[in-house]
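Working notes, structure below.
Because the structure is predicted, anything quoted here is derived from the model rather than measured. Order of the sequence lines fixes the chain letters, A, B, ..., with proteins taken first and strands second; residue numbering starts at 1 for each chain. Just so you know, these numbers use all the heavy atoms, side chains as well, and skip hydrogens, waters and symmetry mates.
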Protein chains: 2
Amino acid sequence: MTRGPATSAPLPAKWRQLAEACCAEQRVRLTPARLAAYAELIDAGHPLSAYELIALLEQRQKRKIAPLTVYRHLEFLMRVGLVHRLESMQSYLPCEHPDHAHESQYLLCSSCGQVDELESKRLEKLLHRIADQHGFLPSNAVVEVTGLCGNCAQST
Amino acid sequence: MTRGPATSAPLPAKWRQLAEACCAEQRVRLTPARLAAYAELIDAGHPLSAYELIALLEQRQKRKIAPLTVYRHLEFLMRVGLVHRLESMQSYLPCEHPDHAHESQYLLCSSCGQVDELESKRLEKLLHRIADQHGFLPSNAVVEVTGLCGNCAQST
DNA sequence: AATGAATTGATATGTTATATCATATACCTC
DNA sequence: GAGGTATATGATATAACATATCAATTCATT
Ligand SMILES: [Zn+2]
Ligand SMILES: [Zn+2]
Ligand SMILES: [Zn+2]
Ligand SMILES: [Zn+2]
């Protein structure tokens, strides 16, 4: 039995199951197109801009894809919590633990492009406390630290 | 003695002096065009996108201004520390205390657009400690909290 | 099969940011 | 003050990022 041409990036079972569980729980449709976008982000292993994602999908599927299509898929994936957006890079990356709702903070390596997604309750509490001291009612916090990851810091 | 037509937004002496001191100290030129961009940001009282700034300058000066011109002025103002960029809004605002080097954190009111620029040593230390625990060498931290300011939170 | 809601496609447009090359201005040295 | 250098500006084009609108299709439910 032969395999047909791949129309979607390889997606390890672990991630596929997480994505399916995530969407099932929220009663939303994980369509093939949405899954393909997600698989491409997982496969890339680093954040992708929307247009980088478009290029990869077009290459994979051998057809033109309108930007709006991909933006809609990204919007969906972010809404259900499978994907996050990095504001300081205008790019998108899959969540590392989409099984539960959470805020995140990010360590972005400017040398190799690797991203570490953190969940520091300590930091979140401090942020809320600071906001509170200023009479501010926070709804969302963007915390993105740029620098050098362990590997890259050593090899300099 | 009559005043000619304003070619630059009104800039309180306090800010003008800060800007001049800041540029003098760094031996860089605070040209009229750069000062005009800065004055417009001060006058606005809230963050401006680059193109909003262009529109204001064009209206003020009654002439077309190329985007690149304004981006260059913004780049200069950020480099000397007179202006910051808000990554989550893709917009720019004048620094509230340009007299000393600093990292900042921001409280962004989604209702009235007001921005509070903070300098929490406590938060900075925690961020550095967290990065350190991950073997990460930080160079820059983006911390932008969206929510409702005191005024807007009350009037809801 | 009929209905209504959600998704996708096609096309156009709006917004944000940079590249390149030429011209002008300030600054320094002589 | 002339000449040379670095810096700043202008003009034009293009790249990168994101959304609006409306029509067509697919899906779940009855
Ligand atoms: Zn996550
Ligand atoms: Zn690295
Ligand atoms: Zn500042
Ligand atoms: Zn407010």
Any salt bridge between Glu119(B) and Lys121(B), counting N to O under 4.0 Å? yes

Separation of atom CD in Gln90(B) from atom C1' in dT19(D), rounded to whole Å: 13 Å

When you check the phosphate oxygens OP1 and OP2 of dT8(C), does a side-chain N or O of His73(A) lie under 4.0 Å from one of them? yes

With no hydrogens and no angle check, is any side-chain donor or acceptor of His102(B) less than 3.5 Å from a backbone partner on His100(B)? yes

Between atom CG in Leu30(B) and atom P in dT7(D), what is the gap in whole Å? 17 Å

Any Ser49(B) side-chain nitrogen or oxygen under 4.0 Å from OP1 or OP2 of dT16(C): yes

For dT9(D), does OP1 or OP2 lie under 4.0 Å from any side-chain N or O of Thr31(B)? yes

Is it the case that atom CD in Glu75(A) sees more than 12 heavy atoms from other parts of the structure closer than 6.0 Å? yes

Does any non-hydrogen side-chain atom of Val83(B) lie less than 4.5 Å from one of Leu41(B)? yes

For DNA chain C, what residues of residues 63-72 of chain A have any heavy atom nearer than 4.0 Å? Arg63(A), Ala66(A), Leu68(A), Thr69(A), Arg72(A)

Could you walk me through whether Glu58(B) and Ile54(B) satisfy the side-chain contact (heavy atoms from CB on, under 4.5 Å) test, starting with their C-alpha distance in whole Å, then the side-chain angles of each, then the deciding distance to 0.1 Å, before giving a yes or no? CA-CA 6 Å; Glu58(B) 286 183 335; Ile54(B) 290 170; 3.8 Å; yes

Whole angstroms only, please: what is the CD-C1' distance between Glu52(A) and dA18(D)? 15 Å

Can you tell me the distance, in whole Å, between the CZ atom of Arg79(B) and the P atom of dA8(D)? 7 Å

Rounded interatomic separation in angstrom, taking CG from Leu86(A) and C1' from dA18(D): 17 Å

Give the rounded distance in Å between these two atoms: CG of Leu74(B) and P of dT16(C). 12 Å

Separation of dC28(C) atom C1' from Arg27(B) atom CZ, nearest Å, is 15 Å

side-chain contact (heavy atoms from CB on, under 4.5 Å) between Leu30(A) and Val80(A): does it pass, once the steps are laid out? CA-CA 10 Å; Leu30(A) 185 60; Val80(A) 299; over 6 Å; no

Quiz question: going by heavy-atom distance under 3.5 Å, is there a donor-acceptor pair between the base of dA17(C) and the side chain of Tyr51(B)? yes

Looking at Arg29(B), does any N or O in its side chain come under 4.0 Å of the phosphate oxygens OP1/OP2 on dA6(D)? no

So what does Arg85(B) hit on the nucleic acid, given a heavy-atom distance under 4.0 Å: a base, only sugar-phosphate, or nothing? sugar-phosphate

Whole Å only: how far is the CG atom of Leu35(B) from the C1' atom of dA8(D)? 15 Å

Can Lys125(B) and Asp132(B) be counted as an ion pair, charged N to O under 4.0 angstrom? no

